[in-house]
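Beneath this line is the structure, given in C-alpha cells, with notes to follow.
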Amino acid sequence: MTVNGRQLCAAVPGRRSLAEFLREDLGLTGTHLGCEQGVCGACTVLLDGRSVPSCLVLAAQADGCTVSTVEGLADGDKLHPIQAAFWQEHGLQCGFCTPGFLMTVYEFLLSTHGPTEDEVRRALAGNVCRCTGYQNIIKAVMAADLMWER
Amino acid sequence: MGSSMMGARIRRREDPQLLRGEANFVDDLKLPGLLHAAILRSPHGHAAIKAIDLSATRAAPGVVDAFCLADIWPENPPAIPVLVGVESMLQCPQYPLAGQRARYVGEPVAIVVANSRAEAEDALELARVEYTVLPAVVDAQAALHPDAPCLHDSAPGNICARWTQATGDAAGAIAAADIVITERFKMQRYTAVPLETRGILATPDAVSGELTIWVSGQWPHTARGITAAMLGLEERRVRVIQPDVGGGFGVKAEIYPEDVLIPLAATRLGRPVKWIEDRREHLLGIAHSREMTFDMELGLRRDGSILGLRVTIISDHGAYLRTLAMVNPSLAATGLTGPYDIPNYSAEVICALTNKSVCSPYRGAGAPEATFARERLLDVAARQIGMDPAAFRLKNLIPPEAMPYATGLTSVEATVVLDSGNFPAALRQALLLVDYDGFRARQAQARSEGRMPGLGICMYTQLAAVGPHESAEVRVDGQGNVTVVSGAAPGGQGTATSLAQVVADQLDVPMEKVRVSFADTARIPFGTGTYASRNAVMAGSAAMMAAKRVRAKAAQMAAHLFECSPDDIEWQDGDARIVGMPGKSCSLANLAQAARPGGSRPEGMEPGLEIRHYFETHAVPFSYAAHLAEVEVDPATGGVKVNRYIVVNDCGKMINPMLVEGQVVGGIAQGLGGALFEELAYDSDGDLLTTDLFSYRLPGTLDMPNVEISHLISPSDLNPLGVKGVGEGGAIGSHGAIANAVEDAIAHTGARVHQTPLRPSVVWALLNAG
Ligand code: FES
Ligand code: FES
C-alpha cells in the first residue's frame, strides 16, 4: 500500500478497518471517526484517488492501493490552498469534521473548475458538520477553487 | 492604549493544527500499555436485574478486568450528584452501574477492560445477565397516570419535581381578558450529537501518585471534584485535562457513569484505560434534551395587548436526575416571557420520569423549548384577533425605554433582568431586510399558483453567560512572551483566539506573543468551564482583568526602575517610558526580568509579572435576536425547504464578529434540524429506534440556507468588556422561526402546527388531514 506517497507493507487482522489501520498502526490520527456507520464522512480518505469512508473499508481491501489522508495535503509548512481557504473563511469550529471535508473537496475540485454554489453543496452532501452550519465551508470551497492552481 | 484587536475579524490560531490533521482529540492520545474498555448496557427499558455472571467474560482472550456494581460497591454505591436543584426535587440518582434495576436502554450494567477494543467488545457478548422485564413507561403524560409503572420508590407518581414560577397575577389577568387563547405545543426529544462522541483516557502516574484523566468534556474542574468524591480519592491527586474537543454543545458538561468507571478501572489496574463511545452508545446514553409539553393560556385585550400568560410545563427527564437535571425546566419556566412585556405570568412545572435516557442541557437549555412554544402561541393569537403577526409582536415587545427590565423571575441559574437592548428595533430591521410587505404579496401570488411559501418570525432572549466565576492567569516572561491560562474549556468556539485578542489589546503586544491554554486542573486551581454561552463574558473578562492588572504591575515596576511615580509612566508600542522623555524606555520583557524573585522591587510587590484573576459575578447579561425564516412547502411531498434566513442579532460588543457569526449560523443549523427532522424516538418498550446517523438525521449541506446576519450593539454594563454571550442563540431562535414559517406556509389550508419535528410525512399528513 502507498500512503501519502510512502510505500509500506503490513499484516493486519481481517476485521481491521482502513480507518483503524491509518489511526492505530500508522499513527495518522487526522482521519477521524464520527460514526463508523458510513454516514458522517469524517473518516473520508482518497483510495486510488476516489473519496471513500475509511470506516467502511477493510484495511485488507486497500491492499496494493494508493491512500491519501489529510496529513498529506500540506506541503511542509505551507498549507494546501484548500486548507488555507478553510482558515481564511472560518470554515471550521471544532475541526473534527474538517479532515473529511478537505479530502472530499480535494477530489471534487481536482475535477471541477468554477463550480456553482449548488454544485458545491451537492458534492459535500455526504459530509456532516455539526458546528458550522456549512455556510463558511461552502465559501471556503468557492475561495479554494480560485486559490488552487491545478 | 490601542484597541486594535477588539472587534477585529481575526483568523483563528486554533485552525492550522486542525487543518493539518495534527490536533489531539482524546482518541488520538496514545500511552504505552494502554487498555481499552467496553460497557455492557441494558437491552431493556425497564428490568429487574436478578443475576450477573461475568466469569466467561473474564476468561475471554485479552481481558484483564470486568466488574459490575456489586463487585465494587456491595452496598452504598456513590451517586452522581445533582448540582443545581429546586426545593421540591426528589432524589432519583444514577449510580455508576445499574444495581438491581435498569431503567433505560443503554444504562451501563458492567464494564470489561481488555488489551484491545475488539477483544473488550467480544468479551461483552459472553456476559450473562438475568433480567426480569418490567413494564416500561416512555411517555411523560402516561408516566403521570396513577396506574403507570413507578420508576423510583423515592418519586411516587413518577414526579421528581414540581413547582410554580410566577410574577404578577396571571389568573386574575386571564379572567379579566377580552380574549383567551388556549393551546398545547410539544417539542420532541432531540439533542446535540457532536461529531466527536465522548471519550475518556485515565492513567495512574506511578511517579506522582496522581490519577490523570483526559476527557472530551466542558468542565474539567467540576469533573475532577465529582470524580474524586465518587471514587473516594483526594481531589489534589486527580488531574483532569481536556484535550481538543470535537463539539460539546452542553451535553459534555455532565457527569456520566463512564466518567467514574474509566478512572476506577485505571486505578484498579494501575494502567492507562481508554474508552471511546461509539455512535450507537452515544445516541443511547448522551444527555437527551428538549422534550417538553406546554399547555398555555394567553389573555388578551381586544386591541392585541397581552394581559397575562398561564402555562403548565411537563418536562420529560428520562430515568434519573443527574448534575444539571433541573436547568432545562427552570430556564424554560423563566424564559417563556422572553422579550415581551407580560406582567402577569405563572408557570407550573411538572418534571416526569420515564424509561428513557437521562436529560440535561443542550444548547439553549430550556430556552429553545420556551421560545418555540411562545412564538407559536403568538402566531395563533395574532391570527385569532386578526392582527398581523409582526405588528402583534411589535405591540407587545418591551420598549427600549423600559430597559433594564426586571421580569420578577429567578431561575436556578440567575435572576432574569433583561439588561439592555432594543427589541422592537431588531424586529423592525429584520422585517425591512426580508421586505416583509413584499413577501406577503409574493406569498399571495405563489398561493394562487398552488405553491406554499411561508415566513416565520421568532424573537428570543437568552441567558448569555452564567457565573459564579471564571479564572485567568496572565504571565509575562523574561523573553516578553505572554502566557494565558484560562479556566474555560472550549470545544471549537475559537476562545484561544478571542482571549489572545483581549490580552494583546491590554498589554499592547502583538497577538503572536500571546499563548493561551485551557482546561487543565493542574494549571489553575479553580475554573468553571464552557457552557451557557459564557466564554466571552466570563473567560474574556477574567483574561482582560488579569492583563490589566499585569499592565498596572508593569507600570509600577517601570516607575521603580526609572525612580519616578507610576503616574508618570506611559506606554508606547508595548514599552514603558517616562512621560515626556522619549529617550528612556523599558520593554515588557525587561520589566519581567526585573520583576523576577530575588530582584529589587517596590516595597510590598510580589515577584513575577503575573496575575491570577477571578472574574466573579452573579449578574448575567441577556442577549437577544430577531429570526426570520422563509420556507417553501412542497404540497406533493410535504417536504420543507428553508430558502432564506435573516438574523438581527444583539450580543453587545463583539470581540471577534467572525466567531460570533460562526456561532449564530452553527446554532441555526441545530435548531433547523430540530424543527424539521431530528428526533430521539422510542418504541413503547423503551427501545430507542434512532441509534445511527441514518435514522437520527443531522442537517447537511443541502438543508441549510445561507444566513444573512446583521448586528445591533447594546453593550452590557455587567462586565468590563461590554459583551454578552451568543453561543446558544442560533439554536434558540431557529426551531421556533422555522416551525412558524411552516405553519405560515400551510395555514390557508387550515393546517396547524402543534409539535415538531416537521418531517415531510408529518407535513403531508397535516395537509391531507380531513
Ligand atoms: S466515521 Fe466513517 S462515515 Fe462516519
Ligand atoms: S467543525 Fe465541528 S463538526 Fe464541523
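Just so you know, these numbers come straight off a predicted model, no measurement behind them. Numbers restart at 1 for each chain; the letters A, B, ... are given by sequence-line order, proteins then strands.
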Under 4.5 Å from any heavy atom of chain B, what part of [X] do you find: side chain, backbone, both or neither?
X      : answer
A:I138 : side chain
A:L73  : neither
A:E36  : side chain
A:T132 : backbone
A:F96  : both
A:R122 : both
A:A125 : both

Between [Y] and [X], is there a side-chain donor-acceptor contact under 3.5 Å, judged purely by atom types and distance?
X      : Y      : result
B:Q663 : B:R363 : yes
B:Q493 : B:T495 : no
B:Q670 : B:Y190 : no

Interface residues of residues 21-32 of chain B facing chain A - heavy atom cut-off under 4.5 Å: B:G21, B:F25, B:D27, B:D28, B:K30

Does anything in residues 114-123 of chain B get under 4.5 Å of chain A by heavy atoms, and if so which residues? B:R117, B:A118, B:E119, B:D122

Taking every heavy atom of A:Q135 against every heavy atom of B:V707, the minimum-distance pair comes out as OE1-N, 2.7 Å

Taking A:L124, A:L28, A:T98 one by one, which has the highest count of heavy-atom pairs under 4.5 Å against chain B? A:L124

From the list A:G30, A:G95, A:A74, A:G34, the residue making the most non-hydrogen contacts under 4.5 Å with chain B is A:G34

Of all the residues in residues 54-66 of chain A, which have a heavy atom that comes within less than 4.5 Å of a heavy atom in chain B? none

Any residues in residues 77-90 of chain A near chain B, with a heavy-atom distance under 4.5 Å, and which are they? A:D77, A:K78, A:L79, A:Q83, A:F86, A:W87, A:Q88, A:H90

Between B:Y696 and B:H282, is the ring centroid distance below 6.0 Å? no

In terms of heavy-atom proximity below 4.5 Å to chain A, should B:S734 be classed as side chain, backbone, both, or neither? neither

Non-hydrogen atoms of chain A under 4.5 Å away: do they reach the side chain of B:V245, the backbone, both or neither? backbone

